[in-house]
Enquirer: 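My structure is below; once you've seen it, I'll send some questions.
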Amino acid sequence: MSLKDKSNDLRARMRNALKGGGDKAIQKQKAVGKLTARERIEAIVDPKTFYEYDLFVEHAGKDFDMDKKYLPGDGVITGTGMLSGHPICIYAQDFTVAGGSLGWMHAKKITKIMDHALKLKVPLIGINDSGGARIQEGVNSLAGYGEIFFRNTLASGVIPQISVILGPCAGGAVYSPALTDFVFVVDKISKMFITGPEVIKTVLGEEISMEDLGGAKVHCEITGNAHFYAKSEQECFSQIKKLAGFIPWNNTRKAEKFPKKRPKTKLYNIENIISEDPREPYDVRDVIKAITDDSDFLEIMELFAQNIVIGFGRMNGETVGFVANQPLVLAGVLDVDSSDKAARFIRYCDAFNIPLVTLVDLPGYLPGVDQEHAGVIRHGAKILYAYSEATVPKITVILRKAYGGGYIAMCSHHLRADFVFAWPTAEIAVMGPEGAANIIFRKEIAAAEDPEKVRQQKIKEYKDKFANPYVAAAYGYIDAVIEPKETRNLLIHALEISSEKDVKLPAKKHGIPPF
Ligand code: HXC
């Protein structure tokens, strides 16, 4: 064969493989508002930068007549490309080929691109659209998942791992996303569950739709398994690009520096956000936007455990991870879910050299039987562990209440914050004045002629003594009491001065966090 003939042969083979599951299956995919696997990759990477590998890999199934079937690319597309000018590894499961189910060679393609990503130290993006373990391949499918989970774990904290759920993600398929850093879901398209509605009906007799069991909203609002919610695939791809702008490409680097911009102070005036009434809630995201470059803030897990806000912004062009109590929801208390949410984010920032800014306004940990029985001790401890272990620059600003365990947990000096600043509105105490007065003056109040009058007097006494930042400042637990308008400049200075911070933890194999 001449070179021309061989090239023609190659092109014919490629055309055949690129057809995926064929026109009918592709139409079925489009009819439910889904793009094809290759279209998805093209929509994420920079134009004309995607290179596909292992197009001619064939499946290894032998049983149930599988040896007579041709599954193009074995139902998964793998390759490398550029994202905003930087290299990435990417794979996308092709639901049009055997429902994107994961057989042994399908898994080998994924693990090969994962190995590349880890060796080359570039981010990995996985697009999941699959019926789970390929039933006909039995234990080989399970082995394939195990190989993926193992690599997800090795890569954790070394390269960013992003999972995009764009279809069903059933059975073992959900555990790879769960081991990755950020999970993106799309309304009506994404479904994640270990056992589907059919199995639940058979085993438990309970009826539930796929959407109600494991749809996008469920995972953003209730389970906390997903980090970003989008209305369409296109919106989801824009979110991925935006996130990529904030994070470094691996754990030996810092995030890319952008030109610095001033906040939009007309929209977010830091002097007017907190009301004079200390009980009145406000949206802490307004405080973040009042201090970030261009008032830009990428919130993560926006719909889950809304009593805490986490996300990325920039200060002076550099990425900062924000953790902030949200007084708008449950007065900003820490509970099981908010502790989990914050602790994982703190560990992400620490692993990827992103400094942490913590904004504090909380009455403490949420009391109640539900919380105690749900393990608020164990979950609440995660935040203590994550802050204590983090060696990136840690700067804290106490805006208003910092009571009890909440004061310690929200990156106090005692957990090795580098700088702690407080606004004049800060109140640092073991608990709120009402609760404190009721406990320490219980006998005096009970014995008084007018108990309510004495109670109010004692509350005032306690407030005058502790409901301010100056007692803590007198012990050096606060480095400076500042006016709100000074916050951005002082934070920028504190971040600059901490930029070469080099703290080592005691030598150990690894710690044992309260998982
Ligand atoms: C083999 C599969 C498959 C699978 C789907 N297909 N899932 N083939 N193994 N796991 C095939 C179908 O036979 C069909 O092939 C094609 O993919 C499209 O599937 P449909 O059912 O027609 O599509 P749809 O109606 O959209 O339903 C999608 C679905 C459903 C909800 C995902 O297919 C489904 O319930 N699949 C099984 C999900 C599941 O229970 N997986 C768990 C596996 S066990 P044809 O040839 O007809 O086009 C597991 C454990 C791993 O994952 C544990 C590791 C820790």
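Indexing begins at 1, ligand by ligand and atom by atom, following the structure's order. Because the structure is predicted, anything quoted here is derived from the model rather than measured. Along the sequence shown, the residues carry numbers beginning at 1.
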Enquirer: Among the heavy atoms of M210, does any lie under 4.0 Å from an atom of ligand 1?
Expert: yes
Enquirer: Could you check whether E206 pairs with K201 (Lys NZ or Arg NE/NH1/NH2 to Asp/Glu carboxylate O, under 4.0 Å)?
Expert: no
Enquirer: Checking Y387 against T358: is there a side-chain donor and acceptor pair closer than 3.5 Å?
Expert: yes
Enquirer: In the complex you have, is atom 53 (C) of ligand 1 within reach of the protein, judged by whether a heavy-atom distance drops under 4.0 Å?
Expert: yes
Enquirer: Check this for me, if you would: do R38 and E52 make a salt bridge, where the nitrogen-to-carboxylate-oxygen distance has to be below 4.0 angstrom?
Expert: yes
Enquirer: Geometry only, no angles: is I135 polar-contacting ligand 1 at N/O separations under 3.5 Å?
Expert: yes
Enquirer: For F182 and Y348, I'd like to know if the aromatic rings sit close, meaning centre-to-centre distance below 6.0 Å.
Expert: yes
Enquirer: Determine if the distance from atom 45 (P) of ligand 1 to the closest protein heavy atom is below 4.0 Å.
Expert: no
Enquirer: Pick one of side chain, backbone, both or neither for how K191 approaches ligand 1, counting any non-hydrogen atom pair under 4.0 Å.
Expert: neither
Enquirer: Answer yes or no for atom 7 (N) of ligand 1: protein heavy atom present at a distance under 4.0 Å?
Expert: yes
Enquirer: Just need the protein heavy atom nearest to atom 19 (O) of ligand 1, so name the residue and atom and give the distance.
Expert: F95 CZ, 4.1 Å
Enquirer: Tell me if the aromatic rings of F345 and F312 count as close, with their centers under 6.0 Å from one another.
Expert: yes
Enquirer: Counting both backbone and side chain atoms, is some N or O of A133 under 3.5 Å from an N or O of ligand 1?
Expert: yes
Enquirer: Between G132, A25, G131, which one has a non-hydrogen atom sitting closest to atom 39 (C) of ligand 1?
Expert: G131
Enquirer: Are the charged groups of K191 and D212 less than 4.0 angstrom apart, N to O?
Expert: no
Enquirer: Hey, is atom 21 (O) of ligand 1 under 4.0 Å from any protein heavy atom?
Expert: no
Enquirer: For K28 and ligand 1, answer yes if some heavy atom of the residue is under 4.0 Å from a ligand atom, otherwise no.
Expert: yes
Enquirer: Tell me which protein heavy atom sits closest to atom 16 (C) of ligand 1, plus the residue, atom name and distance to 0.1 Å.
Expert: G99 N, 3.7 Å
Enquirer: Tell me whether R40 forms a cation-pi arrangement with F237, defined as NZ or CZ under 6.0 Å from the six-membered ring centre and within 45 degrees of its axis.
Expert: no
Enquirer: Think K34 forms a cation-pi with F95, using NZ or CZ under 6.0 Å from the six-ring centre and within 45 degrees of its axis?
Expert: yes
Enquirer: Is it the case that S498 and D418 place a side-chain donor and acceptor less than 3.5 Å from each other?
Expert: no
Enquirer: Return a yes/no value: protein heavy atom under 4.0 Å from atom 48 (O) of ligand 1?
Expert: no
Enquirer: Less than 4.0 angstrom from a charged side-chain N to a carboxylate O is my criterion; do K6 and D9 meet it?
Expert: no
Enquirer: Can you check whether a protein heavy atom sits less than 4.0 angstrom from atom 35 (O) of ligand 1?
Expert: no
Enquirer: Does a side chain donor of either Y365 or S339 reach within less than 3.5 Å of an acceptor in the other side chain?
Expert: no
Enquirer: So for A98, does at least one of its heavy atoms come nearer than 4.0 angstrom to any atom of ligand 1?
Expert: yes
Enquirer: In the protein, which heavy atom is nearest to atom 50 (C) of ligand 1, and how far is it?
Expert: G172 N, 3.6 Å
Enquirer: For the pair N353 (side chain) and N251 (backbone), establish whether a donor and an acceptor sit closer than 3.5 Å, ignoring hydrogens and angles.
Expert: yes
Enquirer: Is atom 13 (O) of ligand 1 near the protein, in the sense that some protein heavy atom lies at less than 4.0 Å from it?
Expert: no
Enquirer: Nearest protein heavy atom to atom 1 (C) of ligand 1, by residue and atom, and its distance?
Expert: Q136 OE1, 3.2 Å
Enquirer: Please work out whether any backbone atom (N, CA, C, O) or any side-chain heavy atom from C-beta onward of V199 is under 4.0 Å from ligand 1, and answer side chain, backbone, both or neither.
Expert: neither
Enquirer: To which protein heavy atom is atom 3 (C) of ligand 1 closest, and what is the distance rounded to 0.1 Å?
Expert: S101 CB, 3.9 Å
Enquirer: Counting only non-hydrogen atoms of the protein, does one fall under 4.0 Å from atom 28 (C) of ligand 1?
Expert: yes
Enquirer: Check each heavy atom of F149 against ligand 1 and say whether those closer than 4.0 Å belong to the side chain, the backbone, both or neither.
Expert: side chain
Enquirer: Is there a side-chain contact between V284 and L328 in this structure, where contact means two heavy atoms from C-beta onward sitting under 4.5 Å apart?
Expert: no
